[in-house]
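Structure, as structure tokens:
Model, not experiment: these values are computed from the prediction.
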Amino acid sequence: MKTLALYHDLYLYACSTTEISEKDKSYVLRHCKDLRVHELKNKDLGINLTKAFFSGLPFQTGIFHNEDIVKEIETAVKDWKIDHVYCQLIRMAENVKDLKVGKTIDYMDAFGFGMKQRSKMGGLIKRLIYNIESRRVKKYEKSIFQHFDNHTVITPKDAERIDVPDEELHVIPNGVNTKFFTNTGGVEEFDLVFVGNMGYLPNIDASKYLVEKILPKLNEKSGREYKVLIAGARPTPEVINLAKSNGVTVGGWMEDIRTAYKSGRMFVAPIFNGIGQQNKILEAISMEIPCIVNGSVAHSLGLEKDKHCLVAESPDDFVAEIIRLENDATLMG
């Protein structure tokens, strides 16, 4: 939004499942001319999901779609005299697909592929739901394409995973502000750190993998107790409970996330079921913190093994790479 506002008069229409504070609205209004928020109550969510179930829409699209939202957006487009609509994610696409103005959809990630990955994990009911959602999302990613003039995605790998014309799907990767994400020094309170949105399933799984699978083996192999920091907004009960393990701190929301990065000697990210581009890795690298990631994450970011990061695929691999970092001063530098 900050970048778009430099070149355009920007207006924002958003849906939210929680109440938005006036403070947050005021902050957003620094970067746009006007803001309208449709707050969905629990009753709305139930109705929207029920309609999505029978209509065949992806649940993540259906939950943010109803006729009231469609009409509100149509009114906003007229009131604001909008020339072009930028739709972020397929979750809002159903509400804007029929607008008679230029439109761009940002798929961001290959969510259909991501749902399929998640369907391989968890209990029977969870796997069933993710399988259904995967099929619906893949179908919808393809069908919604024709309603938009421009189409973007975040990585070449995600572009390959969406069944739409390659030549019309533009890859626009994320970046980080290297002037902001600079390590100015500080006390390294923890040995290992992992940062992310802790309400996001791949980050939840990565946190659990780090604490439950890597940490015990690392402590046993090294003969000492490593200290771990997990930091990020919206930690779920699963993540919060990880703090019950010896040496583990769950930091939650931080006003300045650089504090979390600087608190650890190594950044460990065992993300096996994520999609898109992992900004947290770019931020850690910009902060000059040694990173250990799995191969798919390194590939999606174009990182070279042993040059930009270390790569591991199993708990034993991660332990070996952590100990390798400990014993090689040139790698830590």
Treat each ILVMFWY residue as a node, draw an edge where side-chain heavy atoms are under 4.5 Å apart, and state whether [X] and [Y] are in one component.
X: I323; Y: L310; answer: yes
X: V96; Y: V70; answer: no
X: Y86; Y: L99; answer: no
X: Y200; Y: I240; answer: no
X: I214; Y: V311; answer: no

**Request:** Report the C-alpha separation of V85 and I73 in whole Å, then their side-chain angles, then the decisive distance to 0.1 Å, and conclude whether the side-chain contact (heavy atoms from CB on, under 4.5 Å) test is met.
**Result:** CA-CA 10 Å; V85 170; I73 292 175; over 6 Å; no
Would you mind reporting whether [Y] and [X] have side-chain heavy atoms less than 4.5 Å apart?
X: I230; Y: V211; answer: yes
X: T75; Y: R36; answer: yes
X: V293; Y: I271; answer: no
X: E283; Y: F267; answer: no
X: M115; Y: K138; answer: no
X: V228; Y: V268; answer: no
X: I132; Y: R136; answer: yes
X: V195; Y: L229; answer: no

**Prompt:** With sequence neighbours excluded, what pairs up with F181 under the ring pair (Phe, Tyr, Trp, His ring centres under 6.0 Å) test?
**Reply:** none
Flag if over 12 foreign heavy atoms under 6.0 Å of [atom1], [X]:
X: F180; atom1: CZ; result: yes
X: D306; atom1: CG; result: yes
X: K213; atom1: NZ; result: no
X: N177; atom1: CG; result: yes

**Item:** Derivation and outcome, side chain to side chain donor-acceptor pair (under 3.5 Å), residues D317 and S314
**Value:** CA-CA 5 Å; D317 288 345; S314 69; 3.3 Å; yes
Over all atoms of both residues, closest heavy-atom pair of [X] and [Y]:
X: M198; Y: S207; result: SD-OG, 3.4 Å
X: I292; Y: A312; result: CG2-CB, 4.1 Å
X: A110; Y: I162; result: CB-CG1, 3.8 Å
X: N66; Y: N95; result: N-OD1, 4.0 Å
X: K103; Y: D149; result: N-OD2, 2.7 Å
X: Q88; Y: M108; result: NE2-CE, 3.3 Å

Roughly how far apart are [X] [atom1] and [Y] [atom2], rounded to 0.5 Å?
X: Q146; Y: E168; atom1: CD; atom2: CD; value: 11.5 Å
X: T152; Y: I105; atom1: OG1; atom2: CD1; value: 8.0 Å
X: S134; Y: F111; atom1: OG; atom2: CZ; value: 12.5 Å
X: S222; Y: I322; atom1: OG; atom2: CD1; value: 9.0 Å
X: I285; Y: Y261; atom1: CD1; atom2: OH; value: 10.5 Å
X: D68; Y: D44; atom1: CG; atom2: CG; value: 8.0 Å

Quick test of your reading: applying ring pair (Phe, Tyr, Trp, His ring centres under 6.0 Å), list the pairs with at least one residue in [range], sequence neighbours left out, ordered by first then second residue.
range: residues 298-323; answer: none
range: residues 117-158; answer: F145-H151
range: residues 207-244; answer: Y209-F272
range: residues 11-46; answer: Y11-W80, Y27-H31

Sequence neighbours excluded, which residues qualify as side chain to side chain contact (heavy atoms under 4.5 Å, CB included) partners of [X]?
X: I47; value: K43, K51
X: T236; value: I204, E238, V239
X: N131; value: K116, S119, R135
X: E220; value: none

**Criterion side chain to side chain contact (heavy atoms under 4.5 Å, CB included) against D316, the qualifying member of K221, E321, K217** = K217
Residues 56-64, side-chain donor-acceptor partners within the protein, below 3.5 Å, at least two apart:
residue	atom	partner	partner atom	Å
Q60	OE1	R91	NE	3.3
Q60	NE2	E133	OE2	3.2
T61	OG1	I90	O	3.2

**Check against salt bridge (Lys or Arg N to Asp or Glu O under 4.0 Å), K71 and E74** = CA-CA 5 Å; K71 290 177 181 178; E74 288 176 348; over 6 Å; no
**Asked** For residues T155 and D158, is any side-chain donor paired with an opposing acceptor at under 3.5 Å?
**Response**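 Present: a donor and an acceptor within the cut-off.
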**Asked** Passes salt bridge (Lys or Arg N to Asp or Glu O under 4.0 Å), D191 versus K227? Steps please.
**Response** CA-CA 5 Å; D191 300 298; K227 294 194 295 182; over 6 Å; no
**Asked** Does the salt bridge (Lys or Arg N to Asp or Glu O under 4.0 Å) test come out yes or no for D256 and K262, once each step is laid out?
**Response** CA-CA 11 Å; D256 189 341; K262 291 193 295 184; over 6 Å; no
**Message:** Suppose clustering is done on Ile, Leu, Val, Met, Phe, Trp and Tyr with side-chain heavy atoms closer than 4.5 Å. Which residues sit in the same group as V28?
**Reply:**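 Grouped by the 4.5 Å side-chain rule, M1, L4, L10, L12, I20, L29, L35, V37 form the rest of the cluster around V28.
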**Residues clustering with L6 (ILVMFWY side chains joined when closer than 4.5 Å, directly or via others)** = Y7
**Request:** Go through the steps to decide whether S296 and N294 satisfy the test side chain to side chain donor-acceptor pair (under 3.5 Å), and finish with yes or no.
**Result:** CA-CA 6 Å; S296 62; N294 61 297; 2.7 Å; yes
